[in-house]
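Working notes, beginning with the structure itself.
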Amino acid sequence: SSGINAEYGGKREESGTIQEEGGTTQPEKILTGIFVLPTCCDLIGTTLSGIGLLYVPASVWQMLRGAIIIFAGILSVIFLKRRLYPTNWIGMGIVMIGLAMVGLSSVLASGSSGSGDVTHGQMVLGIVLILLAQLVSASQMVIEEIFIKKHNVPPVQVVGMEGCFGVLFMSLLVLPICYFAPSTGPMKSLHDDAIDALAQMYNRWPIMIFGLMYLLSIAFYNFFGLSVTKSLTAVHRTLIDACRTILVWAIDLFIHYAITTDYGEKFDMTYGFLQLGGFVMLLLGTLLYNEIIYIACIASPRPPAGSGYTEISADFEGSQLPLDGSLRIG
């Protein structure tokens with residue numbers, strides 16, 4: 001009963017949640033099968049992104065994931081009725097320019113280290129698949145925000161239900177299809193031999209350890225990401241996620257130059273600076289969208305006095321503190 005308050009039995013129902021007399025809010029009972037939606041989005045997005053990674057370097061793949069900011073912002077306006085100010089739109093525009101620079105550098109340097117024998121067409125295909133994956137992932141984040149905030153579903157429950165449905169889909173649908181579908185590749189008959197993969201994990205303990213580490217990292221990543229969504233918004237989650245970009249690129253370069261040239265990524269002296277410029281644009285657009293920096297002559301999401309912001313004059317003269325706890329210096 002969204003927008004309608006109803007008193008009954010010492011409880012009050014408001015905006016999709018049930019509130020007890022003591023002030024504690026109980027999660028609304030929702031159909032368990034509804035978690036199929038974000039699970040499908042996660043599965044499709046991960047698949048498209050993984051295929052795209054086959055054709056682009058890891059650093060380019062990570063930078064192109066910044067497109068999720070644009071998709072999440074637009075979908076938030078459409079489905080969550082969230083207002084975007086001119087500052088936000090300008091930030092998204094700068095992010096688009098950065099994405100174009102990164103994608104262009106990847107295509108032009110298709111013969112550089114990390115791309116192997118990938119052709120220009122394959123590089124473009126990889127970029128398109130990664131961008132489509134970000135659109136699907138942004139849809140997943142918006143759906144999760146609706147579940148967590150409107151229906152007050154705990155983040156652990158969302159992660160657990162998505163994981164259960166993911167295991168069911170992969171074991172009963174996706175992997176059997178990949179196993180029995182005909183292929184014209186080197187295996188001739190199999191797209192993905194899950195049985196052989198399990199045998200390799202059993203016989204080589206490093207593969208088993210790295211597989212378990214990956215599962216744990218993904219579990220904690222999803223939980224912490226949903227916790228951020230519960231406290232802030234889906235867009236804030238995507239912005240924090242974008243901070244991994246520079247770390248991935250730095251580790252790739254470190255591995256190539258400090259450990260072994262067989263792995264990692266070599267800095268392309270011809271087009272590498274174009275990629276670096278694209279990353280700077282991505283970072284600038286992210287900071288502008290997240291209201292960390294402002295353009296004085298352009299309207300920003302900072303509302304006037306009396307609309308939820310409190311003036312601070314002790315240590316931060318002229319600054320404002322919103323009710324959500326974030327600080328914006330004027």
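Residue indices begin at 1 and follow the sequence shown. Bear in mind the structure is a predicted one, so any value in this text is a computation, not a measurement. Side chains included, hydrogens not; waters and symmetry mates left out as well; all remaining heavy atoms used.
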> Is it true that atom CE of Met96 has more than 12 heavy atoms of other residues, nucleotides or ligands lying nearer than 6.0 Å?
Replying inline: no
> Looking at side-chain heavy atoms only, is the closest gap between Ile70 and Leu99 below 4.5 Å?
Replying inline: yes
> For Phe273, which residues count as a ring-ring contact (aromatic ring centres under 6.0 Å, His included) partner, sequence neighbours excluded?
Replying inline: Phe267
>> Quick one: does any side-chain atom of Asn203 pair with a main-chain N or O of Ala199 as donor and acceptor, under 3.5 Å?
In response: yes
>> Using side-chain heavy atoms (C-beta onward) and a distance below 4.5 Å, is Met92 in contact with Ile74?
In response: yes
> Between the main-chain N or O of Met213 and the side-chain N or O of Ser217, is there a donor-acceptor pair closer than 3.5 Å?
Replying inline: yes
> What residue among Thr39, Leu37, Val36 forms side chain to side chain contact (heavy atoms under 4.5 Å, CB included) with Glu162?
Replying inline: Thr39
> Which distance, rounded to the nearest 0.5 Å, do you find between the OH of Tyr55 and the CE of Met123?
Replying inline: 11.0 Å
>> Grouping I, L, V, M, F, W and Y whenever their side-chain heavy atoms are under 4.5 Å apart, do Ile34 and Met161 come out in a common cluster?
In response: yes
> When you measure from the side chain of Thr260 to the backbone N and O of His256, does any donor-acceptor pair fall under 3.5 Å?
Replying inline: no
> Taking Trp61 for the side chain and Leu54 for the main chain, is one N or O donor matched with an acceptor at less than 3.5 Å?
Replying inline: no
>> Within this structure, what is the CG-OG1 distance for the pair Leu108 and Thr270, rounded to the nearest 0.5 Å?
In response: 10.0 Å
> Do Ile68 and Met141 touch side chain to side chain, with heavy atoms closer than 4.5 Å?
Replying inline: yes
> Considering only heavy atoms from C-beta outward, does the side chain of Gln275 approach that of Ser106 to under 4.5 Å?
Replying inline: no
> How far apart are the C-alpha atoms of Met170 and Leu43, what are their side-chain angles, what is the distance that settles it, and do they pass the side chain to side chain contact (heavy atoms under 4.5 Å, CB included) test?
Replying inline: CA-CA 9 Å; Met170 289 297 298; Leu43 180 60; 3.4 Å; yes
>> Please report the interatomic distance CZ(Phe210) to CE(Met201), rounded to the nearest 0.5 Å.
In response: 12.0 Å
> When rounded to the nearest 0.5 angstrom, what is the spacing between OG1 in Thr46 and CD in Gln140?
Replying inline: 7.5 Å
> Is there a donor-acceptor contact under 3.5 Å from the side chain of Asn88 to the main chain of Tyr289?
Replying inline: yes
>> Please identify which of these residues, Met101, Arg65, Met63, meets the side chain to side chain contact (heavy atoms under 4.5 Å, CB included) condition with Leu282.
In response: Met63
> For the hydrophobic clusters of this structure (ILVMFWY residues joined by side-chain heavy atoms under 4.5 Å, transitively), does one cluster hold both Val167 and Leu173?
Replying inline: no
Which atom pairs, donor and acceptor, lie under 3.5 Å between side-chain atoms of residues 124-133 and protein residues at least two apart or in another chain?
none

> Transitively linked via ILVMFWY side-chain contacts under 4.5 Å: Trp205 with Tyr214?
Replying inline: no
>> Between Glu265 and Trp249, is there a side-chain heavy-atom distance shorter than 4.5 Å?
In response: yes
> Where do Ile94 and Gly285 come nearest, in terms of heavy atoms and distance?
Replying inline: CG2-N, 3.7 Å
> Looking at side-chain heavy atoms only, is the closest gap between Val158 and Pro38 below 4.5 Å?
Replying inline: no
> Between Ala72 and Val142, what is the shortest heavy-atom contact and its length?
Replying inline: O-CG2, 4.4 Å
>> Do Arg83 and Tyr85 form a cation-pi contact, if we require the NZ or CZ to be under 6.0 Å from the six-membered ring centre and within 45 degrees of the ring's axis?
In response: yes
> Would you say Ile44 and Phe79 are hydrophobically clustered, going by side-chain heavy atoms of ILVMFWY under 4.5 Å?
Replying inline: yes
>> Can you give me the closest heavy-atom contact between Ile143 and Cys41, atom names plus distance?
In response: CD1-SG, 4.2 Å
>> Between Met269 and Val102, is there shared hydrophobic-cluster membership here, with clusters defined by ILVMFWY side-chain heavy atoms closer than 4.5 Å?
In response: yes
> Do the side chains of Leu80 and Glu145 get nearer than 4.5 Å, heavy atoms only?
Replying inline: yes
> Around atom OH of Tyr257, are there more than 12 heavy atoms of other residues, nucleotides or ligands at under 6.0 Å?
Replying inline: yes
>> Give me the atom names and distance for the closest heavy-atom approach of Thr87 to Leu288.
In response: CG2-O, 3.5 Å
> Rounded to the nearest 0.5 Å, what separation is found between the CD1 atom of Ile78 and the CG atom of Leu75?
Replying inline: 5.5 Å
> After noting the C-alpha distance and the side-chain angles of Val77 and Lys81, does the key distance pass the side chain to side chain contact (heavy atoms under 4.5 Å, CB included) rule?
Replying inline: CA-CA 5 Å; Val77 172; Lys81 308 305 179 183; over 6 Å; no
> So which heavy atom on Gly264 is nearest to which on Ile255, and how close?
Replying inline: N-CG2, 3.9 Å
> Taking the side chain from His120 and the backbone from Val107, do they hold a donor-acceptor pair closer than 3.5 Å?
Replying inline: yes
>> Just verifying a value: how many Å separate Leu276 CG and Ser105 OG, rounded to the nearest 0.5 Å?
In response: 10.0 Å
